[in-house]
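Note that these values count all heavy atoms, side chains included, but never hydrogens, waters or copies made by symmetry.
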Amino acid sequence: MAKESKKLIANNKKAFFDYFIDEKYEAGIALHGTEVKSLRLGKCSIKESFVKIEKGEVYIYNMHISPYEKGNIFNKDPLRTKKLLLHKYEINKLTGEIQQKGYTLVPLNVYLSGSLVKVEIGLARGKKLYDKRQDIAKKDQRREAEKSFKVKNLY
């Protein structure tokens with residue numbers, strides 16, 4: 001069986017800066033036709049979006065899908081709440097994890113898997129300021145090492 005291609009539409013880099021991601025889940029999204037067409041053109045943003053579980057169902061809020069230009073009256077509200085499609089046992093597991101102190105759900109990226117639109121959501125714990133400083137220091141060290149390696153091998 002051939003591996004399905006994944007085309008990245010949008011990702012949330014800030015989530016990795018602000019949170020420790022413990023687990024990742026793949027979820028489908030309930031969308032309307034013009035939203036899918038707009039997503040295929042890459043017009044999506046999940047920077048300010050968040051995920052909540054209400055009454056045993058998972059929803060994503062503030063996910064912006066730009067209106068499809070040729071969609072006229074069929075276009076939906078760009079910021080409407082969208083339902084995420086997960087198995088019941090996954091929802092129950094996530095509900096139990098979220099009730100623990102400090103856990104939340106954040107969308108990590110949106111992509112096309114074959115012909116389906118998927119969202120990767122992460123079970124995350126918030127980072128403190130000193131954790132963020134450590135990450136920045138590690139990035140700087142790695143960047144300096146790569147720079148010195150490049151200069152050293154240049155001659």
Side-chain angles (χ1 to χ4, degrees), residues 1-98 100 102-129 131-140 142-143 146:
M1 191 162 116
K3 188 176 181 183
E4 290 186 25
S5 64
K6 290 185 178 182
K7 180 189 170 206
L8 186 68
I9 298 170
N11 67 355
N12 191 355
K13 291 180 185 174
K14 195 155 175 69
F16 292 99
F17 184 72
D18 290 337
Y19 300 100
F20 292 113
I21 308 298
D22 290 345
E23 292 182 49
K24 294 179 181 178
Y25 294 90
E26 183 181 65
I29 319 175
L31 295 171
H32 293 277
T34 55
E35 290 176 326
V36 176
K37 290 181 179 188
S38 186
L39 281 171
R40 287 189 187 282
L41 295 174
K43 303 206 174 176
C44 176
S45 173
I46 56 171
K47 284 183 181 171
E48 300 296 321
S49 60
F50 59 96
V51 179
K52 271 190 177 179
I53 299 176
E54 296 173 352
K55 299 177 186 168
E57 294 183 338
V58 185
Y59 295 97
I60 186 166
Y61 293 86
N62 290 347
M63 178 179 168
H64 187 275
I65 299 176
S66 299
Y68 184 60
E69 293 92 37
K70 300 177 180 112
N72 57 38
I73 61 168
F74 299 108
N75 282 333
K76 301 289 180 188
D77 178 30
L79 287 174
R80 77 178 182 84
T81 303
K82 294 152 193 74
K83 184 178 177 182
L84 296 183
L85 309 171
L86 286 164
H87 290 282
K88 200 64 161 176
Y89 66 89
E90 289 176 321
I91 295 171
N92 291 338
K93 183 178 178 187
L94 286 172
T95 304
E97 294 284 344
I98 286 174
Q100 291 181 11
Y103 278 106
T104 187
L105 289 173
V106 291
L108 302 175
N109 50 40
V110 179
Y111 56 91
L112 286 167
S113 178
S115 63
L116 304 174
V117 179
K118 301 283 187 176
V119 177
E120 187 175 51
I121 59 174
L123 185 64
R125 288 178 292 126
K127 284 187 181 178
K128 304 280 189 253
L129 184 61
D131 293 326
K132 292 179 187 179
R133 286 184 186 146
Q134 286 174 349
D135 285 352
I136 292 170
K138 284 180 187 175
K139 281 183 189 175
D140 287 344
R142 194 187 76 233
R143 200 175 296 125
E146 288 173 357

Checklist line | Over all atoms of both residues, closest heavy-atom pair of Lys118 and Ser113 | finding: CG-CB, 3.9 Å
Note to self: A side-chain contact here means heavy atoms from C-beta on lying under 4.5 Å apart; do Leu39 and Leu112 qualify?
What the structure shows: no
Check: Do Leu31 and Lys82 touch side chain to side chain, with heavy atoms closer than 4.5 Å?
Finding: yes
Going by atom type alone, with no hydrogens or angles, which donor-acceptor pairs under 3.5 Å involve a side-chain atom of residues 42-51 and a protein atom two or more places apart or on another chain?
from  : atom 1 : to    : atom 2 : distance (Å)
Lys43 : NZ     : Glu69 : OE2    : 2.7
Ser49 : OG     : Ile46 : O      : 2.8

Margin query: Is it the case that atom OH in Tyr19 sees more than 12 heavy atoms from other parts of the structure closer than 6.0 Å?
Written below: no
Next item on the list: Starting at OG1 of Thr95, measure out to NZ of Lys88 and round the result to the nearest 0.5 Å.
Entry: 8.5 Å
Check: Does a side-chain heavy-atom distance below 4.5 Å link Phe16 with Leu108?
Finding: yes
Check: Is there a side-chain contact between Val117 and Glu35 (heavy atoms, below 4.5 Å)?
Finding: no
Note to self: How long is the straight-line distance from NZ of Lys138 back to CZ of Arg142, given to the nearest 0.5 Å?
What the structure shows: 11.0 Å
Next item on the list: To the nearest 0.5 Å, tell me how far Thr104 OG1 sits from Glu97 CD.
Entry: 12.5 Å
Checklist line | Residue pairs passing the salt bridge (Lys or Arg N to Asp or Glu O under 4.0 Å) test where at least one lies in residues 14-31, sequence neighbours excluded | finding: Lys14-Asp18, Asp18-Lys132, Asp22-Arg125, Glu23-Lys93
Notebook entry, point to check: From Leu86 CG over to Asn92 CG, what is the distance, rounded to the nearest 0.5 angstrom?
Noted result: 11.0 Å
Margin query: Can you tell me how far apart CG (Leu41) and NZ (Lys37) are? Round to the nearest 0.5 Å.
Written below: 10.0 Å
Next item on the list: Taking all heavy atoms of Ile21 and all of Ala124, pick out the closest pair and write down the distance.
Entry: CD1-CB, 3.8 Å
Next item on the list: Heavy atoms only: give me the nearest Ser66-Ser38 pair and the separation to one decimal.
Entry: O-OG, 2.5 Å
Note to self: What's the separation between atom CG in Leu8 and atom CG in Asn109, rounded to the nearest 0.5 Å?
What the structure shows: 5.5 Å
